[in-house]
Number of protein chains: 2
Amino acid sequence: MSELKVSSDPRETSELSQQLESLYQVIFSRRDVRSQFLPAAVPDEVLSRLLYAAHHAPSVGYMQPWNFLVIKSDDVKQRMHAAFTEANDEAKAMFEGDRRELYSSLKLAGILESPVNICITCDRNRTGQTVLGRTHQSDMDLYSTVCAVQNFWLAARAENIGVGWVSIVKQEQLRETLGIPEEIIPIAYLCVGYVSEFNDQPDLEKAGWAERLPLNDLVYYNQWGQQGEGESLAEQIDNDRSFPFSAERN
Amino acid sequence: MSELKVSSDPRETSELSQQLESLYQVIFSRRDVRSQFLPAAVPDEVLSRLLYAAHHAPSVGYMQPWNFLVIKSDDVKQRMHAAFTEANDEAKAMFEGDRRELYSSLKLAGILESPVNICITCDRNRTGQTVLGRTHQSDMDLYSTVCAVQNFWLAARAENIGVGWVSIVKQEQLRETLGIPEEIIPIAYLCVGYVSEFNDQPDLEKAGWAERLPLNDLVYYNQWGQQGEGESLAEQIDNDRSFPFSAERN
C-alpha cells in the first residue's frame, strides 16, 4: 500500500489532500442503518477486510479481547429478531405521549433484511487478570472492543456497506441465542449489508427525535466547565460549522 | 466535499480504489503513541477538524453524550503526569519477574511531551434518564463516547498526528485535576501531537510484550465457539494474511 501523502507541515493542511478529505467524508457520512438494506450478499473478500480493520483497533495491553460471530443463519436471525421485538415493545412503553408515538413510528433494526449480522464480544480474561493499562481503569477492555466496532463501521462505510447497531435486546436473550458464555461480554450486535442509499442525516435527526449539538458548547479548556471565550480554537470551531455539514448534505 | 467513489458493485471491489486503500492505510498504521511526540503546536484548524470528527461519532438515541476538555496548561499537565507516575508505580508492582522488568522499561505516556492533551468524557444524563437504545443495554452511552475517541484517533492519524491513550491513572485523581463532577464519566485521556515517526508495529508488539492473534482464531460462525472449517470466509481471511501486514511494514 502507498504511504499516506498528507504532510505533517501545518502550513500545508489548510487545503486538504484528497486522502484526508475522503477520510472525513467516510466519518461524516457514516450512518446507523436500519431501513435501507439490500439482500445482495456481502462478498467474503469485503467481509474479510472489514474484520481485519476491526482486528487492528487499539487494545489495552495489546490484549485483542474481541471475537467476531458471523451470523447468516436464518434461524438465528429469526430468534434475534424476536428478541429485539420483545425488548422494543418494552422500550416503547417507557416513553410517553408524543415521544411514544414517534418512537413507535421508528424502524430501529434491520436484522432480517441485512444479509449478515455480526456480534462483537469482549473476553475479559483473554490474557489473565492483570492487564497492562487496565490496572486503574477496569473497563478499558470493553472500550478496546468498541474501538474495533468503530473501525469495522468506518471501513464498511468506505466499502459502501451499511451497518446498524442493535442495542434494544435483553442481554440474556442475546447470550442464549448465540450461545455466548457467562464470562464473555457481548458489546455490539451489528446488521451489515449493501444499502439503497445512505441518508444525508442521522435517522433520529431526520425524524425530529433530536438535533445535533453545537460543538463549541461541548468543548472546555483546561478545566471542566471552562468555556472558550477568547480562545482561538473556539473561533476556529465556529468558522468550521459548515465543514462537516457540507459532507453530510452532498 | 466529493462523493465517495467506491462502487457498491461487489465485482469492482477486488481492486481497491485509492480512497478505500487510504482508509485501510489509516486504520492499519494508527498507533498508540507514547515516545515520538514533537513539541510543534497542533494548529487550531487541525484540532477543530479532529473534534468535528469525534463529534460525528454514532451515539445511542443521538444523545451525543461527550465533552472535550482541551488541555494546554503546563500546570494541569504536570499534575496529570504526577498522577500517572503514581499509578504507574503501583501498576509495576502488580507484575512479576521478567514481566515486571519489561513493564518498567516501557514508556507508557507522553503527557508532558505532547503539546495538547484532550480528555473525552460521557454525560450520562445529557438527555434524561430514558434514552432510545439504552433501555436494555445501559452502557451504550459509554460505548458511544468510545466511538468518538476512535473517530478522533483515526482522523488524527490521517493528519499525521499521534495520539496516545493514558489509562494508567486513578480516576479520582483525574477528576480532581480536571474538576470533573461526580456524574460525568471520564472515558479517555489522550496525548496529542505531531510525531517524529509512527512505529511500523504497535509498541507492545515491538517490545515483545504480546503478539497479534491470528484473526481466524477469533471468528465464529452462527454460534459461539463454532469455528470456520469449510467456511469460505475463513479461507479468505487466511488468504488475506498479508493485507494488513503490508500496510504495517511499509
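Below, chain A is the first sequence line, B the second, and so on; all start at residue 1.
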Exercise. Heavy-atom distance under 4.5 Å between the side chains of Tyr52(A) and Tyr24(B), does that happen here?
Worked result: no
Problem set entry | Separation between CG of Asn222(B) and CD1 of Ile71(A), rounded to the nearest 0.5 Å | 6.5 Å
Exercise. Under the salt bridge (charged side-chain N to carboxylate O under 4.0 Å, His left out) rule, what pairs show up with a residue in residues 127-137 of chain A, not counting sequence neighbours?
Worked result: Arg134(A)-Asp141(A)
Exercise. Based on non-hydrogen pairs under 4.5 Å, which of Leu178(A), Leu204(A), Ile168(A) is most in contact with chain B?
Worked result: Leu178(A)
Exercise. Given that the side chain runs from C-beta out, which part of Tyr103(A) has a heavy atom under 4.5 Å from chain B: side chain, backbone, both or neither?
Worked result: side chain
Exercise. How far does CD1 of Ile27(B) sit from CG of Asn151(A), to the nearest 0.5 angstrom?
Worked result: 4.5 Å
For this session: Could you tell me which of Ala210(B), Cys147(B), Gly228(B) has the largest number of non-hydrogen atom pairs under 4.5 Å with chain A?
Result: Cys147(B)
Problem set entry | Region of Asp217(A) in contact with chain B, defined by heavy-atom distances below 4.5 Å | backbone
Exercise. Once you round to the nearest 0.5 Å, how far does OG of Ser48(A) lie from CG of Leu215(B)?
Worked result: 7.0 Å
Seminar exercise, completed: When the 4.5 angstrom heavy-atom criterion is applied to Met94(A) and chain B, the contacting part is both
For this session: Starting from the C-alpha separation in whole Å, work towards a yes-or-no answer on side chain to side chain contact (heavy atoms under 4.5 Å, CB included) for Val70(B) and Tyr220(A).
Result: CA-CA 6 Å; Val70(B) 178; Tyr220(A) 296 144; over 6 Å; no
Problem set entry | Heavy-atom contact with chain B under 4.5 Å, split by part of Leu106(A) | side chain
Problem set entry | Val131(A), part contacting chain B, at a heavy-atom distance under 4.5 Å | backbone
Problem set entry | Heavy-atom proximity to chain B below 4.5 Å, by part of Trp165(A) | side chain
Exercise. With a 4.5 angstrom heavy-atom cut-off, which part of Thr121(B) approaches chain A: side chain, backbone, both or neither?
Worked result: side chain
Problem set entry | Residue Glu231(A) versus chain B: region with a heavy atom under 4.5 Å | neither
Seminar exercise, completed: Cut-off 4.5 Å, heavy atoms of chain B, and the answer for Ile161(A) is neither
For this session: Please check if the side chain of Asp44(B) supplies one atom and the backbone of Gln236(A) the other of a donor-acceptor pair under 3.5 Å.
Result: no
Exercise. Given a strict heavy-atom distance threshold of 4.5 Å, which part of Leu174(B) is in contact with chain A: side chain, backbone, both, or neither?
Worked result: neither
Exercise. Looking at Asp75(A), Val219(A), Asn239(A), which has the largest count of heavy-atom pairs under 4.5 Å with chain B?
Worked result: Val219(A)
Exercise. Heavy-atom distance under 4.5 Å to chain B: side chain of Leu102(A), backbone, both or neither?
Worked result: neither
Exercise. Under 3.5 Å, is there a donor-acceptor pair between the side chain of Arg212(A) and the main chain of Tyr62(B)?
Worked result: no
Problem set entry | N/O donor-acceptor pair under 3.5 Å between Ser167(A) side chain and Gln137(B) backbone | no
For this session: Supply the atom-to-atom distance Ser144(B) OG to Gln150(A) CD, rounded to the nearest 0.5 angstrom.
Result: 9.5 Å
Exercise. When rounded to the nearest 0.5 angstrom, what is the spacing between OG in Ser22(B) and CD in Gln19(A)?
Worked result: 4.5 Å
Exercise. Which one, Met63(A), Arg175(A), Arg30(A), Lys72(A), leads in non-hydrogen pairs under 4.5 Å with chain B?
Worked result: Arg30(A)
Exercise. Under the criterion side-chain hydrogen bond (donor to acceptor under 3.5 Å, both in side chains), which of Gln171(A), Lys170(A), Glu90(A) is the partner of His136(B)?
Worked result: Glu90(A)
Exercise. At a heavy-atom separation under 4.5 Å, does Asp32(B) approach chain A through its side chain, its backbone, both, or neither?
Worked result: neither
Exercise. So which part of Glu235(B) gets closer than 4.5 Å to some heavy atom of chain A, the side chain, the backbone, both or neither?
Worked result: neither
For this session: Check each atom of Tyr143(B) against the heavy atoms of chain A and say whether the ones under 4.5 Å are side chain, backbone, both or neither.
Result: both
For this session: First locate atom CG of Leu233(B), then atom CG of Leu47(A), and finally report the distance between them rounded to the nearest 0.5 Å.
Result: 5.5 Å
Exercise. Leu108(A) versus Leu132(B): any side-chain heavy-atom pair under 4.5 Å?
Worked result: yes
For this session: Taking Gln64(A) for its side chain and Leu213(B) for its backbone only, find out whether a donor-acceptor pair lies under 3.5 Å.
Result: yes
For this session: Could you tell me whether a side-chain N or O of Tyr221(A) sits under 3.5 Å from a main-chain N or O of Ser73(B), the two making a donor and an acceptor?
Result: no
Exercise. Which bit of Leu154(B) comes within less than 4.5 Å of chain A, counting heavy atoms only: side chain, backbone, both or neither?
Worked result: both
Exercise. With a 4.5 angstrom heavy-atom cut-off, which part of Val169(A) approaches chain B: side chain, backbone, both or neither?
Worked result: backbone
Seminar exercise, completed: Bottom line for Leu38(A): the part with an atom under 4.5 Å from chain B's heavy atoms is neither
For this session: Give, as side chain, backbone, both or neither, the part of Leu23(A) having an atom under 4.5 angstrom from any heavy atom of chain B.
Result: side chain
Seminar exercise, completed: The ring pair (Phe, Tyr, Trp, His ring centres under 6.0 Å) partners of Phe198(A) (sequence neighbours excluded) come to none
Exercise. Are side-chain heavy atoms of Leu218(B) and His55(A) found at a separation under 4.5 Å?
Worked result: yes
